[in-house]
Structures are given as structure tokens and as C-alpha cells.
Amino acid sequence: MDKPNGTYALGVFCTFVRPYVSGESRGISTQKKGFMKDFFDVILESSTTDTSDVNKRHYSKAKTAINEGVWEGINQTDLVKFFNGCRKLPQWKASEFFQHLDKARVESLFDDIGIDALSQFQRCLGQVNIKAPSIDKLPSAVSTWLFEILEANADNRDLLVDGTAFQPEFELLDDLPLAEGHISSGKLHLGRSAVAWRKSPSPPESPDFNVERTYLAQMESA
């Protein structure tokens with residue numbers, strides 16, 4: 001599968017995911033505009049339609065503006081631009097989607113996909129550095145990818161445009177042996193991930209007799 005010509009991360013996501021989650025059996029259109037409407041209608045909590053008055057100030061005034069559903073306030077002509085990756089989700093709409101994304105619903109779209117198709121999908125996603133250690137981890141990797149895209153757009157950033165590599169590799173640590181982790185430079189390193197690691201607190205130079213008496217009293221009353 002060829003990478004899309006667009007720039008923004010959401011377009012890359014939609015281009016790669018559409019062949020595997022669209023179709024009559026799932027009720028998601030294969031057409032670009034229809035896919036955007038159907039897919040996000042499925043994966044977002046219904047409460048996302050309860051938008052604030054602040055967000056309504058950003059609504060499109062065009063005759064082709066969408067008046068209901070999860071895309072309310074967006075110009076219909078922008079849906080294909082989002083799909084093609086030539087336009088980023090506006091910050092206010094990305095915030096709605098990010099807050100109401102149901103990752104379980106994203107993952108459920110892969111429930112009835114055959115092993116062969118999932119294997120092919122896994123190879124395709126490798127082109128954009130989205131890697132899952134096994135096929136059963138693929139739905140989780142895809143939902144995490146979308147979560148990261150929406151989070152960035154909600155912060156008025158984009159994973160691609162703002163230089164976070166083509167797409168970050170979501171490293172799933174469930175099966176990572178502990179022996180592969182190590183602590184150095186004040187950080188815990190697991191695979192390609194690193195998190196701050198605080199040093200153990202130093203023991204007091206002299207015991208706190210008040211704490212000791214409380215502990216002994218609790219032991220006697222137990």
C-alpha cells in the first residue's frame with residue numbers, strides 16, 4: 001500500500017485503516033467522506049455531540065456545514081481534506097474527539113478480520129513505524145496511534161508536521177522481559193522507552209522514637 005501524498009497524521013491513519021474496517025458488514029462506507037462520518041461515529045462516545053458554547057463559536061458558517069452528529073460545525077468539504085492528510089483537525093474539534101475517543105470501540109472493529117488480513121495490515125503499518133509484537137496486539141497499537149494523533153491535534157500540534165518522526169513506534173511492553181530493562185542516568189530504560197527513576201530515599205541518621213512507639217503499640221493491640 002502506498003503512503004498518502006498528504007502531510008498530516010490523521011490522513012495517514014485513515015488511509016491505512018480504511019481497507020480493513022470499512023464495508024457493509026461493519027456499516028462503514030468505503031468512500032472517503034462517508035468513511036470519515038461513519039468511522040468516527042462508531043468510535044466516539046455519543047456524548048461527544050454535547051459540545052460547549054465555546055466550541056460552537058468555531059462552527060463553519062458555510063452552506064455545506066454539518067449540522068448534527070460528531071462532525072457538527074465542520075464543513076463537509078473538509079472531511080476529504082482530513083482523509084487525504086492535507087488539512088489538520090481544528091484544535092476545538094480534535095479536543096472533542098480526544099476527550100470522547102473510545103479505544104475499546106476502535107479495537108472491536110478488528111474482531112472479525114481474518115488472520116491473513118491482519119497479518120497484511122501488520123506489514124502495512126510497519127511502513128509507518130507502527131509495530132505490534134503480535135497480531136493480537138495490533139488493535140491496541142492502532143487505537144493508541146489514533147489516541148496520540150488526536151491528543152497532538154487537540155494541543156494544536158501534529159505528529160508529522162511538528163517533526164515527531166513519520167509516526168512514533170508504539171512499543172508494547174507487556175511481554176518485555178525484565179532482564180532487558182536497566183537504570184542509567186537517572187532513568188529506567190525499557191526497550192526504546194525511558195522514564196525518570198527517582199533514587200531510593202536515604203534512611204534517617206537516627207531513629208524516630210515516636211514512630212517506633214506507635215508501631216510497638218499497634219503490634220501489642222493486634
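Computation of the quantities below employed the complete heavy-atom set of this structure, encompassing side-chain atoms and omitting hydrogens, waters and symmetry-equivalent molecules.
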Minimal non-hydrogen separation, Arg105 against Val42, with atom names:
CD-O, 3.0 Å

Once you measure the plane-to-plane angle for Phe40 and Trp71, does it fall in the parallel (<30°), tilted (30-60°) or perpendicular (>60°) bin?
perpendicular

Can a donor-acceptor pair be found between the side chains of Asp38 and Ser29 at a distance below 3.5 Å?
no

For Phe83, does the six-membered ring have the charged nitrogen or CZ of Lys33 within the cation-pi criterion, i.e. under 6.0 angstrom from the centroid and within 45° of the normal?
no

Listed once per pair and sorted, the salt bridge (Lys or Arg N to Asp or Glu O under 4.0 Å) pairs that draw on residues 9-18, sequence neighbours left out:
none

With side chains defined as the heavy atoms from C-beta onward, is the minimum distance between Ile135 and Ser119 less than 4.5 Å?
yes

Rounded to the nearest 0.5 Å, what separates atom CD in Glu68 from atom CD1 in Ile66?
9.5 Å

Going by atom types alone, do Lys137 and Gln122 pair a side-chain donor with an acceptor below 3.5 Å?
no

Is the Trp92 to Phe97 ring centre distance short of 6.0 Å?
no

Answer yes or no: is there a donor N or O on one side and an acceptor on the other, between the side chain of Gln91 and the main chain of Ala154, under 3.5 Å?
yes

Check: Cys86 main-chain N/O paired with Asn84 side-chain donor or acceptor under 3.5 Å
no

Just grab all the salt bridge (Lys or Arg N to Asp or Glu O under 4.0 Å) pairs involving residues 119-129, residues at least two apart or on different chains.
none

Do Leu109 and Phe39 pass the side-chain contact (heavy atoms from CB on, under 4.5 Å) test, and can you show the C-alpha distance, the side-chain angles, and the key distance before you say yes or no?
CA-CA 10 Å; Leu109 292 173; Phe39 178 75; 3.5 Å; yes

Can a donor-acceptor pair be found between the side chains of Lys93 and Asn153 at a distance below 3.5 Å?
no

Working to the nearest 0.5 Å, report the span between CD of Glu107 and CG of Asp136.
11.0 Å

